[in-house]
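Everything on this sheet refers to the single structure shown next.
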Number of protein chains: 2
Amino acid sequence: MEFKEAKNKFVQTWGALGSQWGINKTMAQIHALLMISNEAVSMEDIMEELQISRGNASMNLRALMDWGIVYKEFKAGERKEFFTAEKDLDELAAKISRERSKREIKPALKILKEVSTIEASDSAEEKHFVDQTTKLYDFVLKADNMLDKMTEFNENWLGKLVIKMMK
Amino acid sequence: MEFKEAKNKFVQTWGALGSQWGINKTMAQIHALLMISNEAVSMEDIMEELQISRGNASMNLRALMDWGIVYKEFKAGERKEFFTAEKDLDELAAKISRERSKREIKPALKILKEVSTIEASDSAEEKHFVDQTTKLYDFVLKADNMLDKMTEFNENWLGKLVIKMMK
DNA sequence: ACAAACTTTCAATTATTTTTGAAAGTTTAA
DNA sequence: TTAAACTTTCAAAAATAATTGAAAGTTTGT
C-alpha cells in the first residue's frame, strides 16, 4: 500500500467509526486528517482533500474546537487560519470523555435521579421501576466517576512516569 | 411526578441517549421499556406504548436480540411471543462492550494495523503518518483490552463478592 | 390439509441529519 | 475609507436513516 492510499483509508475508517459513535462523519474525517498531518492545515486544503464545501468545513472545524480537540493556529505573514489536532492520545481521550460526560451523561443522570425518586405506590410494577432506575442511576454514576478517575490518573505526572516504567 | 410521567420521561431519555451514541432511537426506547417492566412484554404492547408499527417493533427487537441484551420468552397457553431485557447492569455493560468491540473496534484495529505498517519514504509527512497511526493502534488496542479485562473481572464470581464487600 | 394467529420482510414513504453555496460578516493593509 | 482576503451563517437542497404497512412467511391446533 502506498502512502496516499493508506492516508485515504485511514480518513475513511476514522469517519465511519465516528458515525457509529454518534459523531458526524465529516467532523471525524477532518479530525483524522489533522491527526496525521505533521503541520497545521488551512481550511482551503481541508476542503480540497475531503471534497467538501466551505460552509461544511467551517462548521465542523468550529465543532471540533468546541470539543477542545482542534486548535487554530496563525502563521506569520499569512492572513488565513490554520488548524491542528490534539495529538497526545491520552489528552484526546480525556477531552472527549470529559465533553461527553458534561453534555450527555450528566444531563441523563439528572433525569435518572428525578424519575428514580418518585413516590412509588405499592404495585409491583412501580416498585420495580423505582428499583431498576435507582440501580441504573448508581451504575451510570459509578461508570462516569471511573472514567473521570482514569483520565485524571493518566494526566497526572507521576502516573505517566509509572506507566512508562511499566511498559 | 407520577409513575406514568416518570416512565415516559425515562423511555424518552434513554432513547435520546441511544441516538447520541449511535443507537437507533426506537431500539433504545424498546430496551428502556423492557428494562423497567417487571414482566415480559408482548410485541402488541410495545407497539401500543411507543406508538410504532409492527414492522418497526419486529426489526428493532431482532436487533436487540442480536446484541444479546433482550430475550424471547414463551408463556404457557399463549401463542404470541414475549420479550424481556437483560436487567443485570454489569452483564448488560459486558454484552454491549463485547458487541461494540467485535463489530466496530476490531475491524477498525485491523485497518489501523494495515495503514500503520506501510513502508514510509523518508519524507517527514509519511514518517509522521506512520508514527501517529502506530500510536493510535497501540492506544485503541490497549483501551479495547482494558474494557475486556474490566468486564471479565466483573463477571468473575470472586470479583463480584469482593466488590460487594467493598461497597 | 386448512385456517387462524402470529411474525418477518422489504419497497415505498417519511423524518432526520448533513451539506451546500451565496450573502453577510469580519479583519487587515494601504 | 475602501477593498481584498478571509470566515461564518443559514435557508434550501441533498443525502441518509428510520418507519410504515401490506404481502409473504411461519407455526400451531383441529
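Every chain is numbered from 1 and lettered A, B, ... according to where its sequence line falls, protein lines coming before strand lines.
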Taking only residues two or more places apart in sequence or in another chain, which ones pass side-chain contact (heavy atoms from CB on, under 4.5 Å) with [X]?
| X | result |
| --- | --- |
| A:Leu141 | A:Leu109, A:Tyr137, A:Asn145 |
| A:Lys110 | A:Glu114 |
| A:Asp66 | A:Arg62, A:Arg103 |

| message | Using a strict heavy-atom distance below 4.0 Å, which residues from residues 9-19 of chain B are in contact with DNA chain D? | response |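 Within this stretch, nothing sits under 4.0 Å of the strand.
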
| said: At a heavy-atom distance below 4.0 Å, what parts of residues 23-38 of chain B sit against DNA chain D? | reply: B:Asn24, B:Thr26

Can you give the donor-acceptor pairs under 3.5 Å from side chains of residues 22-31 of chain B to other protein atoms, not counting sequence neighbours?
| residue | atom | partner | partner atom | Å |
| --- | --- | --- | --- | --- |
| B:Asn24 | OD1 | B:Thr26 | N | 2.7 |
| B:Asn24 | OD1 | B:Met27 | N | 3.1 |
| B:His31 | ND1 | B:Trp14 | NE1 | 3.3 |

| What ring-ring contact (aromatic ring centres under 6.0 Å, His included) pairs are there with at least one residue in residues 36-56 of chain A, not counting sequence neighbours? |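 For residues 36-56 of chain A: none.
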
| Could you give all pairs that pass the ring-ring contact (aromatic ring centres under 6.0 Å, His included) test and reach residues 83-130 of chain A, with sequence neighbours left out? |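 Counting only pairs at least two positions apart or across chains, the ring-ring contact (aromatic ring centres under 6.0 Å, His included) contacts touching residues 83-130 of chain A are A:Phe129-B:Phe3.
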
| Partners passing salt bridge (charged side-chain N to carboxylate O under 4.0 Å, His left out) against B:Glu39 (at least two apart in sequence or in another chain) |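 Once residues adjacent in sequence are excluded, B:Glu39 has no partner under the salt bridge (charged side-chain N to carboxylate O under 4.0 Å, His left out) criterion.
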
| remark: The correct set of residues in residues 49-81 of chain B placing a heavy atom under 4.0 Å from DNA chain C is B:Arg54, B:Gly55, B:Ser58, B:Met59, B:Arg62, B:Lys72, B:Arg79, B:Lys80, B:Glu81

| About how many Å separate CD1 of B:Ile46 and CD of B:Glu44, when rounded to the nearest 0.5 Å? | 10.0 Å

| field | B:Glu119 CD: over 12 foreign heavy atoms closer than 6.0 Å | value | no

| said: Is there a side-chain contact between A:Lys127 and A:Asp131 in this structure, where contact means two heavy atoms from C-beta onward sitting under 4.5 Å apart? | reply: no

| task | Determine whether A:Gln20 and A:Leu17 make a side-chain contact, defined as any pair of heavy atoms from C-beta on separated by less than 4.5 Å. | result |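 When only atoms from C-beta onward are counted, A:Leu17 and A:Gln20 do touch, with a gap below 4.5 Å.
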
| query | Any side chain to side chain donor-acceptor pair (under 3.5 Å) pairs touching residues 68-79 of chain A, not counting sequence neighbours? | reply |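 Listed by first then second residue: A:Tyr71-A:Glu86, A:Tyr71-A:Lys95, A:Lys72-A:Glu81, A:Glu73-A:Thr84.
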
| How would you give the extent of chain A contacts on DNA chain C, as first and last nucleotide 5' to 3' within a 4.0 Å heavy-atom cut-off? |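 So the contact region on DNA chain C extends C:dT18 to C:dA29.
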
| field | Value in whole Å for how far the P atom of D:dA5 lies from CE of A:Met47 | value | 16 Å

